[in-house]
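Let me begin by presenting the structure, written as structure tokens, before commenting on it.
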Amino acid sequence: MVRSLLCLGVCFVAVRCVVADEPLKYLAPIPPTPKPAAQPAAATSPACASKPVTAIAGRKKLESLLQAPADLDLDHKIVSVQQVLDGLHARHQLSIRMDVATLAGMYPSDSAPGEGDKTPQALVMKMLEANVDFGTVDFKAVSVATVLRHALDALPAGDLFDGSDGLPIALTNANLFDYVVEDDCLLITTRMKALTYKETRVYSVKDLKDFKPDQLAFVIRQSIRPWSWRSRIDELGEQLKAGSEQISPQALGSIVKSGIQLASAEAGITVSDAEDSKDKPDAKKDAEPSDAQQMAMVGNALSNGAVTLVHTALTALEIVHYADPPTGSIQTLPGKLIITQSQTAHHEIAELLKQLSDE
């Protein structure tokens, strides 16, 4: 009895270690848990106890691997997504797992429970059957990221069990597939989930002596995914507020009064203003803006408001199309930028700063 309980306890601990530390692999058996004596203490410790430095090093290693040549040895130019992922795992020991919890939301809401062909596991298996046509792409020379991008683009987006046709251009990329670099593997999820995940990175800009950090922050917000910054929404609100403040109450009153007088003249009715019957001091008349000045103020305000509304509408369309919520932020310190953005945006920011430093 004691021996059975001891075996049960060992199995429970082994399963917990596998779930916590070992990423899921496509159609590959989970390797057995190594014995504690064969591995150092840092390797057998749970993931939550690992040091942040180790996690950062793991991410950098994965990001470097993504830029390395794929060097895949595939027999045909048209292969399944499963074959591509298996090839990447076999050639580069690249661990990839699926975000099944998020992908489950792509199912029709009326799917009955217990239907084997509509479970999250069946969705993963069906997606992996999709074919990838590499055409003239040399999957031995191009990078791992390029091969992986081709495979993800071949995956069917949306409901796999609905044959409805889409528009020539997708209204939103939220249901497309993307990947997120985790500490020890890649997570395949939806584009919206990948872009919603933000991480903070520190950039040293001491070498860019010709530019101040505030100037670089402004250029980055305007050049890299301008719709994805939280400050962008605040700027649009300030522009709209500034445009409305340019219209004075006197100008609005003048426009309303002129409209009433015009309508009354067309109807043959005479409308008199009580204030007009009184004699106003000349100094007060000189202080008030003329009708032409009032109309110019109203025109400028309306023009600024219209431009701001157009910018707001375009920003909203970009947010929906790219499925990238405006949650990014950027802070400046002497010689440093602290940026919170998606991984895709961080790659573009690093490339922009590299181009500035090369000049």
Side-chain angles (χ1 to χ4, degrees), residues 22-31 58-59 61-107 116-170 173-182 184-195 323 343-344 347:
E22 182 65 23
L24 301 180
K25 299 179 177 61
Y26 289 109
L27 305 180
I30 299 178
R59 285 194 180 188
K61 183 179 180 180
L62 278 176
E63 291 177 353
S64 299
L65 176 60
L66 289 172
Q67 303 306 319
D71 194 19
L72 292 182
D73 188 12
L74 301 177
D75 297 334
H76 305 284
K77 286 290 185 177
I78 299 179
V79 294
S80 66
V81 176
Q82 174 181 326
Q83 289 177 300
V84 174
L85 299 181
D86 288 344
L88 291 176
H89 174 67
R91 179 66 181 85
H92 302 282
Q93 291 74 49
L94 181 61
S95 299
I96 305 174
R97 69 185 186 93
M98 301 290 289
D99 187 2
V100 180
T102 300
L103 299 180
M106 302 170 65
Y107 289 112
D117 59 339
K118 292 187 178 182
T119 60
Q121 292 76 11
L123 171 66
V124 174
M125 297 300 297
K126 190 172 183 64
M127 287 190 304
L128 295 179
E129 294 175 0
N131 288 330
V132 187
D133 187 359
F134 283 96
T136 58
V137 177
D138 186 359
F139 42 68
K140 293 182 67 68
V142 298
S143 65
V144 173
T146 300
V147 172
L148 186 60
R149 175 57 55 201
H150 277 278
L152 295 183
D153 289 343
L155 292 176
D159 185 10
L160 293 174
F161 310 99
D162 186 5
S164 59
D165 296 329
L167 297 173
I169 182 173
N173 296 335
N175 288 337
L176 298 181
F177 292 88
D178 209 331
Y179 62 87
V180 176
V181 179
E182 295 187 328
D184 52 2
C185 67
L186 297 183
L187 172 66
I188 295 182
T189 182
T190 60
R191 178 69 56 81
M192 186 171 185
K193 177 72 175 291
L195 294 178
Q343 292 185 359
T344 305
H347 295 162

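- Smallest separation of non-hydrogen atoms from Arg91 and Ala70: CG-O, 3.8 Å.
- Between atom CD of residue Gln343 and atom CD of residue Glu63 there is a gap of 6.5 Å, rounded to the nearest 0.5 Å.
- Under the 4.0 Å criterion applied to side-chain N and carboxylate O atoms, Asp99 and Lys193 are assigned as salt-bridge partners.
- Checked by atom type and distance alone, the side chain of Gln67 never pairs as donor or acceptor with a backbone atom of Ser143 at under 3.5 Å.
- Here the shortest heavy-atom pairing between Gln83 and Val79 reads OE1-CB, 3.3 Å.
- Atoms CG and CG, from Leu176 and Leu152 in turn, are 10.0 Å apart once rounded to the nearest 0.5 Å.
- Side-chain contact between His89 and Ile96 is absent, with no heavy-atom pair separated by less than 4.5 Å.
- Salt bridge annotation for Asp184-Arg59: absent, with no cationic side-chain nitrogen under 4.0 angstrom from a carboxylate oxygen.
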Kindly determine whether Leu94 and Val144 satisfy side-chain contact (heavy atoms from CB on, under 4.5 Å), including the steps that lead there. CA-CA 10 Å; Leu94 181 61; Val144 173; 4.1 Å; yes
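- With contacts defined as side-chain heavy-atom distances shorter than 4.5 Å, the pair Asp178/Thr190 does not qualify.
- When each of Thr189, Leu186, Ile188, Leu195 is checked for a side chain to side chain contact (heavy atoms under 4.5 Å, CB included) with Val180, only Thr189 meets the rule.
- Ala154 and Ala130 get closest at one heavy-atom pair: O-CB, 3.7 Å.
- When all heavy atoms of Arg191 and Asn173 are compared, the pair lying nearest together is CB-O, 3.0 Å.
- Using a 4.5 Å heavy-atom cutoff, the side chains of Val81 and Leu85 are in contact.
- Note on ring orientation: taking the six-membered ring where Trp is involved, the planes of Phe134 and Phe139 are perpendicular (angle over 60°, cut-offs 30° and 60°).
- Annotation: the span from Leu62 atom CG to Ser95 atom OG amounts to 8.0 Å, rounded to 0.5 Å.
- Using a cutoff of 4.0 Å between basic side-chain nitrogens and carboxylate oxygens, Lys77 and Asp133 are not scored as salt-bridged.
- Looking at Val142 and Val147, their side chains come closer than 4.5 Å, going by heavy atoms from C-beta outward.
- A 4.5 Å side-chain heavy-atom check between Val132 and Ile78 finds every atom pair outside the cut-off.
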Kindly indicate, with the supporting measurements, whether the criterion side-chain contact (heavy atoms from CB on, under 4.5 Å) is fulfilled by Tyr179 and Leu187. CA-CA 5 Å; Tyr179 62 87; Leu187 172 66; over 6 Å; no
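- Here the side chains of Glu129 and Ser80 are not in contact, with every heavy-atom distance at 4.5 Å or above.
- Atoms CG and CG, from Asp71 and Asp73 in turn, are 8.0 Å apart once rounded to the nearest 0.5 Å.
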